[in-house]
Every structure is written in C-alpha cells, then in structure tokens.
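Everything below concerns the one structure shown next.
Computed from a prediction, not measured in an experiment: that's the story for all the values here.
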Amino acid sequence: MHLCCGFELYQTKKRRCGLSTLPNMTRLTLVCLSICLLVSVYDVQSAAVLESGVRVTDAAKVVIDKIKAGKDFRYGVFLVKNETLIDVESTGSRTASYDEYLKHLKAVKPTGKECRYGVLDVEFQCKSSPDKKRDKLILMSWCPDEVKVRSKFIHAASVEGMKKAVPGISAFVQASDDEQASMPSVQDKLTRTVTAC
C-alpha cells in the first residue's frame, strides 16, 4: 500500500516538476528516496503502537511485590513475550546468591541471547562504613550486544512500563556485558545513589 502511494506521489511530482526530463538514474534515485521515507514513517508509527502496547502481567507484579516486601523471593527475572507482555521467567529464593541471579538473567535460549529485566533486593556494603550493610531494590536492564535489533527495540520500548511496575527502586542499572552486570558495578552504582551510605 505504501509503495503504491510512493509511486503515485512520484508520478504527480514528475508531472508538476518536469521530472520526466531528468535522466533515468536520477528518477530512480528519487523514487527510492520516496519509498524509504514512507517506510521510515511507517516504522515510527508501528513503534509508537508497540511502546504503548507492552504491559507487565499480573503474575509479574505479584513477584515484584514479594521481592519488595522481602518475602519469598530475592529476585525475579522478566522477559518480553510475544512482543506485548512482560512476564516472569524465573525467580530466586531469599537465600539465592547474586551469581544465581546472573545465571538466570544471562540464560541463553536455543534461539540465542535474550534481553531481560531483573528486579533484585540486593545486599551491599557501604563504602563509608564497611561493617554496615544495606538492602536496596534495583531494576536491571540486561541487553547484550549480540541480541537481534528488533528484540533490543522492543526491550527498550518497554523500559518505562517496567519502571512503573517497580516503584521505589534505589537504582536502575543498564547492562550489556558481564562487567556492567557485576556486583562491584552494581554496588558502585548503589553507593553513589543511596544517601547515608
């Protein structure tokens, strides 16, 4: 449909501007540019629909509430499913370690690496007083470089929806590699953002 519109637009402009006198290569270039412009406009409209359509499931909200309350779960790992829902993929008990969390966050499916969200009640040491420990809630966006572009786009489009589902987070961590997702990196972020620590 958009290609037809592009062709009709080209034909109209050709008559009005005298494009029929231009060399074939120039006319072909203008047609291609018109089509590219229409396709890019179509993609932006699709993106707006997608961004507003991705929602957090009720099951995911229940897990998030239990993590916040310090009940049942230390962490939850969430995945965008069918490009419309953010749902629970895995959880960890209150005794689960940070390494267990990372294992679930970075799990590779047969189809390849995936972008995920992690909500974690993390215990960390304050820099000002090493004997003092704090528990804080973080939201982590895990999106490795090797993930397909469309999956990255869908993940990025749903960030705000995920943030709204996790009110009261102490830090939002964006990670695309092991170093950014590591405990020292998270602890550094927390000590910079958490007051009285």
Side-chain angles (χ1 to χ4, degrees), residues 51 54-57 59-83 85-128 130 132-195 197:
E51 183 176 358
V54 178
R55 67 174 187 83
V56 180
T57 65
K61 289 177 184 176
V62 168
V63 169
I64 291 166
D65 287 343
K66 287 185 177 182
I67 295 167
K68 286 176 65 176
K71 297 178 180 176
D72 300 331
F73 306 118
R74 171 68 62 187
Y75 66 83
V77 174
F78 306 87
L79 185 67
V80 177
K81 295 183 178 178
N82 302 320
E83 300 185 357
L85 299 172
I86 299 173
D87 203 5
V88 182
E89 185 179 46
S90 59
T91 56
S93 69
R94 291 299 299 172
T95 58
S97 68
Y98 191 78
D99 286 339
E100 289 175 272
Y101 161 71
L102 288 179
K103 182 180 173 184
H104 284 120
L105 187 75
K106 300 176 184 180
V108 178
K109 293 189 170 189
T111 53
K113 292 187 177 181
E114 297 274 352
C115 292
R116 292 183 176 88
Y117 293 107
V119 177
L120 174 70
D121 180 14
V122 64
E123 185 180 82
F124 69 102
Q125 290 181 324
C126 293
K127 282 185 178 178
S128 59
K132 185 179 178 184
K133 289 189 176 182
R134 301 281 300 271
D135 276 82
K136 290 295 175 182
L137 193 68
I138 66 163
L139 170 61
M140 183 178 287
S141 167
W142 170 251
C143 199
D145 293 332
E146 301 87 346
V147 174
K148 292 177 183 175
V149 173
R150 181 165 178 79
S151 295
K152 284 183 180 182
F153 174 79
I154 294 166
H155 182 79
S158 58
V159 166
E160 290 307 314
M162 193 64 189
K163 283 181 178 178
K164 286 176 186 173
V166 193
I169 58 170
S170 296
F172 173 62
V173 179
Q174 290 181 289
S176 60
D177 59 34
D178 292 346
E179 184 181 346
Q180 292 172 340
S182 68
M183 187 59 190
S185 179
V186 170
Q187 181 165 328
D188 182 59
K189 177 110 181 180
L190 282 168
T191 52
R192 282 186 285 116
T193 56
V194 175
T195 56
C197 191

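Side-chain contact check for Ser90 and Tyr75: no donor-acceptor pair (N or O, by modelled atom type) lies under 3.5 Å. With hydrogens and angles left out, the side-chain atoms of Ser182 and Glu179 include no donor and acceptor closer than 3.5 Å.
The line from CZ of Phe73 to CG of Leu120 is 13.5 Å long, rounded to the nearest 0.5 Å. Residue Leu105 holds its CG atom at 10.0 Å from SG of Cys115, rounded to the nearest 0.5 Å. Rounding to the nearest 0.5 angstrom, the gap separating the CG atom in Leu190 from the CG atom in Leu137 is 10.0 Å. Here Met140 contributes atom CE and Ile169 contributes atom CD1; the two are 11.5 Å apart, rounded to the nearest 0.5 Å. Here His155 contributes atom NE2 and Met162 contributes atom CE; the two are 9.0 Å apart, rounded to the nearest 0.5 Å. In this structure, Glu146 CD and Lys152 NZ are separated by 7.5 Å, a value rounded to the nearest 0.5 Å.
What you find for Ile86 and Ala60 is that their closest heavy atoms are O-CB, 3.9 Å. Considering every non-hydrogen atom in both Ser176 and Cys143, the closest pair reads CB-O, 3.2 Å. Scanning all heavy atoms of the two residues, the minimum distance from Gly76 to Val63 falls at CA-CG1, 4.4 Å.
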Could you walk me through whether Lys163 and Phe172 pass side chain to side chain contact (heavy atoms under 4.5 Å, CB included), step by step?
-> CA-CA 9 Å; Lys163 283 181 178 178; Phe172 173 62; 3.8 Å; yes
For salt bridge (charged side-chain N to carboxylate O under 4.0 Å, His left out), just list the numbers for Lys113 and Asp145, CA-CA rounded to whole Å, side-chain angles, deciding distance to a tenth of an Å, and then say yes or no.
-> CA-CA 9 Å; Lys113 292 187 177 181; Asp145 293 332; over 6 Å; no
Could you walk me through whether Arg74 and Glu100 pass salt bridge (charged side-chain N to carboxylate O under 4.0 Å, His left out), step by step?
-> CA-CA 10 Å; Arg74 171 68 62 187; Glu100 289 175 272; over 6 Å; no
Could you go through the side chain to side chain contact (heavy atoms under 4.5 Å, CB included) check for Glu83 and Arg150 one step at a time?
-> CA-CA 10 Å; Glu83 300 185 357; Arg150 181 165 178 79; 2.9 Å; yes
Yes or no on side chain to side chain contact (heavy atoms under 4.5 Å, CB included) for Asp178 and Lys106, after CA distance, side-chain angles and deciding distance?
-> CA-CA 9 Å; Asp178 292 346; Lys106 300 176 184 180; 2.8 Å; yes
Side chain to side chain contact (heavy atoms under 4.5 Å, CB included) assessment of Ile64 paired with Lys68 = CA-CA 6 Å; Ile64 291 166; Lys68 286 176 65 176; 4.1 Å; yes
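Partners of Lys66 by side-chain hydrogen bond (donor to acceptor under 3.5 Å, both in side chains), not counting sequence neighbours, listed by chain and number: Asp72.
The number of heavy atoms from other shown groups lying within 6.0 Å of NZ (Lys148) does not exceed 12.
Looking at Leu79 and Lys109, their side chains come closer than 4.5 Å, going by heavy atoms from C-beta outward. For the pair Val122 and Asp135, the minimum side-chain heavy-atom distance is 4.5 Å or more. Residues Trp142 and Val77 have side chains not in contact (no heavy-atom distance under 4.5 Å, counting atoms from C-beta outward). Within the 4.5 Å cutoff, the side chain of Ser141 has no heavy atoms near those of the Val173 side chain. Under the 4.5 Å side-chain criterion, counting only non-hydrogen atoms from C-beta, Arg55 is in contact with Leu85. Phe78 is not listed as a side-chain neighbour of Asp87, based on a closest heavy-atom distance of 4.5 Å or more. Taking 4.5 Å as the limit, some side-chain heavy atom of Glu89 sits within range of a side-chain heavy atom of Arg116.
A salt bridge links Asp121 with Arg94: the closest approach of a Lys/Arg side-chain nitrogen to an acidic carboxylate oxygen falls below 4.0 angstrom.
Using a distance-only test at 3.5 Å, with no hydrogens or angles considered, a donor-acceptor pair links the side chain of Ser158 to the main chain of Ile154.
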